[in-house]
K.L.:
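Handing you this structure, nothing more for now.
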Amino acid sequence: MAQDPQDLNQVLRARREKLAAIRGKGIQPFAYSFDVTATSAQSVASFEEAEKAGRLGADGQGAGTALGGRIVAWRDMGKSVFAHVEDRAGRIQLYFKKDVVGPEAFDRLTLLDLGDWIGVEGTTFRTKTGEVTVRVTAWALLTKSLRPLPLGKVETDVASGERVIHSGFADQEARYRQRYADLAVHPDVREVFRTRARVVTELRRFLDGEGFLEVETPVLQPLYGGASAKPFVTKHNALDQTMYLRIADELYLKRLIVGGLDRVYEMSKDFRNEGLSPRHNPEFTMLEWYQAFTDYHAQMDLSERMLLHVLDHVLGRRALTCFGHEIEFRPPFPRVRFMDAVSEGLGTEVHALDDKQLRAHAERLRVPDLKGAGRGKLLDKLFSALVEPRLVQPTFVIDHPKELSPLAKEHRGDPRLTERFEMYIAGTEVFNGFSELNDPLDQRARFEAQAGLRAAGDEEAQQIDEDYLRALEYGMPPTGGVGMGVDRLVMAITNQPSIRDVLLFPVLRTEE
RNA sequence: GACCCGGUAGCUCAGCUGGUAGAGCAACGGACUUUUAAUCCGUAGGCCGUGGGUUCGAGACCCACCCGGGUCACCA
């Protein structure tokens with residue numbers, strides 16, 4: 001970053017010159033605090049209240065207010081200035097009049113720029129164009145901005161009343177890298193993250209209300225497991241030991257069920273060393289919960305209730321537009337069996353096909369990357385190609401093949417299947433749960449089958465976790481468990497097509 | 001990892017079959033005491049992603065690389 005004034009472009013240089021001029025007048029350009037009495041929205045609301053009650057002052061003045069905000073628009077009229085400042089509650093117009101603030105304070109306005117933080121005191125009134133505005137009696141610079149924000153001009157369309165942004169900050173790379181600037185100039189981006197916070201709060205509130213205990217399990221693990229994925233590898237120096245960043249919470253949470261903490265959940269980051277995409281960030285937020293004495297049927301009901309709880313409390317409605325689809329959440333969501341769905345997509349009964357025939361179908365459908373795929377992977381790929389895109393309305397897919405689900409309990413009615421479900425919204429898997437496998441001998445056999453796949457070159461196959469098997473030998477009660485991709489749920493609720501748009505700081509390659 | 005598209009002023013973008021780098025906004029100077037993308041007059045602002053090549057001449061054409069976006073693949 002260039003610090004020599006000679007190297008700065010004229011825009012940056014002009015701001016530093018103003019900074020020097022401000023200091024030259026004995027003004028501290030980076031203030032320590034400001035006593036705010038109201039937000040922009042509160043100031044407007046209390047004016048409108050007084051107006052409605054006929055309590056306005058002689059010349060139409062509302063109550064006094066003191067607020068702080070960032071200057072986002074500036075219209076200099078000579079001996080009066082109109083500006084807008086933005087705070088956490090919105091934006092409000094300021095009116096500086098030379099007669100009112102006094103000549104000295106008025107002339108000092110020339111030292112301000114878009115992006116500066118200021119504090120103002122004044123009284124509210126309504127301009128002849130109808131906008132509630134602060135007539136400023138005194139103002140103070142709170143923070144001088146030395147770098148111009150990429151603010152767009154905002155116009156309110158007279159016909160529709162909608163705000164139109166005329167030029168702005170459109171470079172996606174710059175927006176992700178400089179999220180602070182993106183947030184500063186895009187109120188709608190701030191709103192996405194407010195919504196995200198409300199979703200997270202409601203998820204916790206729901207589970208807490210159901211008697212779950214929130215716990216924290218290791219992120220740094222000597223052995224990773226609980227999902228099929230490649231891990232990040234690191235090293236603990238003092239122990240001289242390889243550690244992995246967790247790819248799932250599952251195996252630790254189920255150890256807690258063994259220990260008698262029989263309703264637990266954890267919401268936290270998982271890490272998977274895989275490619276980036278609009279749906280994948282190497283670190284992402286997962287919510288997992290486990291509830292003793294329940295099976296996957298109970299967990300589908302719970303998942304459904306949880307989703308509706310979040311929608312009711314965050315959006316206040318059970319319908320939304322997501323990626324161009326109108327989605328309605330009307331319980332109970334349809335449940336379709338995995339094998340039935342694939343059979344229907346394929347037009348033939350899948351159970352009747354051997355691996356070779358399955359592969360032939362997959363090749364015919366040009367399903368990519370088939371080499372080394374066993375029966376489970378073939379079925380999974382066929383499902384992804386044939387069924388997944390069609391699952392627009394919330395739908396449970398249930399009873400997955402055993403090969404795909406090494407931690408799920410065998411289906412009580414069909415040994416080829418497991419008691420598992422995935423809930424899809426807008427073609428995306430959001431929930432994944434099952435009746436947890438609690439037979440330590442069966443679990444060992446499944447781990448061994450995974451080890452076989454691993455030896456055959458499947459880098460994502462799971463490893464044998466002896467400590468987890470020891471825990472199961474002590475006895476885990478029948479348990480239903482679910483994992484949910486929090487980022488994806490937020491994507492659906494906020495209608496953001498890329499996971500990067502719901503992560504404040506998505507992973508990017510290092511700058512320069 | 002593969003393919004497609006892109007990188008030009010602080011921001012958003014234009015730049016024709018190769019011929020001395022442009023606009024709007026922002027900035028700077030000036031006018032204007034109820035404006036709404038305020039307006040008007042004037043000024044300044046560029047390693048055209050990086051490195052090579054072709055050419056009398058490259059922002060443009062060729063090669064390599066860097067960075068990003070999108071699509072696919074893997075997963076959630």
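Just so we're on the same page: letters track the sequence lines, and every chain starts at 1.
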K.L.:
If we take the P atom in both B:rC41 and B:rC25, what is their distance in whole Å?
P.N.:
11 Å
K.L.:
What's the gap between B:rC61 and B:rG22 when it is taken at their C1' atoms, as a whole Å value?
P.N.:
22 Å
K.L.:
Assign A:T428 to base, sugar-phosphate, or nothing according to its heavy-atom contacts below 4.0 angstrom with the strands shown.
P.N.:
nothing
K.L.:
Taking only N and O in the side chain of A:R177, is any of them less than 4.0 Å away from OP1 or OP2 of B:rG68?
P.N.:
yes
K.L.:
Let me know the distance between CZ of A:R75 and P of B:rC32, rounded to the nearest Å.
P.N.:
19 Å
K.L.:
For A:V507 and A:E274, take the nucleotide of RNA chain B holding the closest heavy atom to each; which residue's nucleotide lies nearer the 5' end?
P.N.:
A:V507
K.L.:
Once you round to the nearest 0.5 Å, how far does CD of A:Q496 lie from CD1 of A:I499?
P.N.:
12.0 Å
K.L.:
Mind checking who B:rG22 pairs with, Watson-Crick or G-U wobble, both distances under 3.5 Å?
P.N.:
B:rC13
K.L.:
Is the closest side-chain donor-acceptor distance between A:E121 and A:T137 under 3.5 Å?
P.N.:
no
K.L.:
Say whether, by atom type as modelled, one donor and one acceptor occur between the side chain of A:R272 and the main chain of A:I247 under 3.5 angstrom.
P.N.:
yes
K.L.:
Take A:M267 and A:T285 through the test side-chain contact (heavy atoms from CB on, under 4.5 Å) and record every step on the way to the result.
P.N.:
CA-CA 7 Å; A:M267 180 155 28; A:T285 302; 3.9 Å; yes
K.L.:
Measuring only the P atom in each nucleotide, how far is B:rA58 from B:rA44? A whole number of Å is fine.
P.N.:
27 Å
K.L.:
Within the 4.0 Å heavy-atom criterion, would you say A:G78 contacts the bases, only the backbone, or no part of the nucleic acid?
P.N.:
base
K.L.:
Could you tell me whether A:R126 contacts a base, only the sugar-phosphate backbone, or nothing, with contacts defined as non-hydrogen atoms closer than 4.0 Å?
P.N.:
nothing
K.L.:
Report the distance from atom NZ of A:K18 to atom C1' of B:rA27, rounded to the nearest whole Å.
P.N.:
8 Å
K.L.:
Please measure how far the P atom in B:rC67 lies from the corresponding atom in B:rG24, and state the result in whole Å.
P.N.:
36 Å
K.L.:
Let me know the distance between CH2 of A:W74 and P of B:rA26, rounded to the nearest Å.
P.N.:
14 Å
K.L.:
How would you label the contact of A:N273 with the nucleic acid (heavy atoms, under 4.0 Å): base, sugar-phosphate, or nothing?
P.N.:
nothing
K.L.:
Assess whether one donor atom and one acceptor atom, taken from the side chain of A:T127 and the base of B:rU35, lie less than 3.5 Å apart.
P.N.:
yes
K.L.:
When you compare B:rC4 with B:rG10, how far apart are their C1' atoms, in angstrom units rounded to a whole number?
P.N.:
30 Å
K.L.:
Whole angstrom is fine here: how far is it from NZ in A:K98 over to C1' in B:rU34?
P.N.:
18 Å
K.L.:
Using purine N1 to pyrimidine N3 plus N6-O4 or O6-N4 for Watson-Crick, or N1-O2 and O6-N3 for G-U wobble, each under 3.5 Å, what pairs with B:rA64?
P.N.:
B:rU50
K.L.:
Given B:rC28, B:rU35, B:rA26, which nucleotide is nearest the side-chain atoms of A:D113?
P.N.:
B:rC28
K.L.:
Contact class for A:F125 vs. all strands (heavy atom < 4.0 Å): base, sugar-phosphate, or nothing?
P.N.:
base
K.L.:
Rounded off to whole Å, could you give me the CZ-to-P distance for the A:F383 and B:rA73 pair?
P.N.:
14 Å
K.L.:
Rounded to the nearest Å, what distance is computed from the CG atom of residue A:L149 to the C1' atom of nucleotide B:rA27?
P.N.:
14 Å
K.L.:
Between B:rG57 and B:rU12, how far is it from one P atom to the other, in whole Å?
P.N.:
34 Å
K.L.:
Can you tell whether the side chains of A:E266 and A:R246 come within less than 4.0 Å, N to carboxylate O?
P.N.:
yes
K.L.:
So, does A:T217 use its side chain to make a donor-acceptor pair with the main chain of A:Y252 at under 3.5 Å?
P.N.:
no
K.L.:
Between B:rA73, B:rG70, B:rU35, which nucleotide gets closest to the side-chain atoms of A:S277?
P.N.:
B:rA73
K.L.:
Counting Watson-Crick and G-U wobble pairs only, both distances under 3.5 Å, name the nucleotide matched with B:rU55, or none.
P.N.:
none
K.L.:
Might you work through the salt bridge (Lys or Arg N to Asp or Glu O under 4.0 Å) test for A:E429 and A:R279, ending with a clear yes or no?
P.N.:
CA-CA 10 Å; A:E429 180 197 339; A:R279 285 183 180 172; over 6 Å; no
K.L.:
Does A:E283 or A:D99 map to a spot on RNA chain B nearer the 5' end, using the closest nucleotide for each?
P.N.:
A:D99
K.L.:
Without decimals, in angstroms, what is the distance between A:K230 NZ and B:rA73 C1'?
P.N.:
11 Å
K.L.:
Between A:K79 and A:D99, is the closest basic N to carboxylate O distance under 4.0 Å?
P.N.:
no
K.L.:
Give me the distance, rounded to whole Å, that separates B:rG1 from B:rG51 when you measure between the C1' atoms they each carry.
P.N.:
25 Å
K.L.:
Which nucleotide wins on minimum distance to the side chain of A:L114, given the candidates B:rC11, B:rA26, B:rC32?
P.N.:
B:rA26
K.L.:
Determine which nucleotide pairs with B:rU43, using a 3.5 Å limit on both distances of a Watson-Crick or G-U wobble pair.
P.N.:
B:rA27
K.L.:
Distance criterion of 3.5 Å, no angle test: do you see the side chain of A:E131 paired donor-to-acceptor with the base of B:rU34?
P.N.:
no
K.L.:
State which of B:rU33, B:rU35, B:rG10 makes the closest approach to the side chain of A:Y95.
P.N.:
B:rU33
K.L.:
Considering only side-chain heavy atoms of A:F169, which listed nucleotide, B:rU12, B:rU35, B:rU33, is closest?
P.N.:
B:rU12
K.L.:
Taking the same atom, P, in B:rA21 and in B:rG46, what whole-Å distance lies between them?
P.N.:
14 Å
K.L.:
Name the nucleic acid region contacted by A:N432, choosing base, sugar-phosphate or nothing; use a 4.0 angstrom heavy-atom cut-off, strictly under.
P.N.:
nothing
K.L.:
Whole Å only: how far is the CZ atom of A:F106 from the C1' atom of B:rC32?
P.N.:
11 Å
K.L.:
Quick check on B:rU34: is either OP1 or OP2 less than 4.0 Å from any side-chain nitrogen or oxygen of A:K97?
P.N.:
no
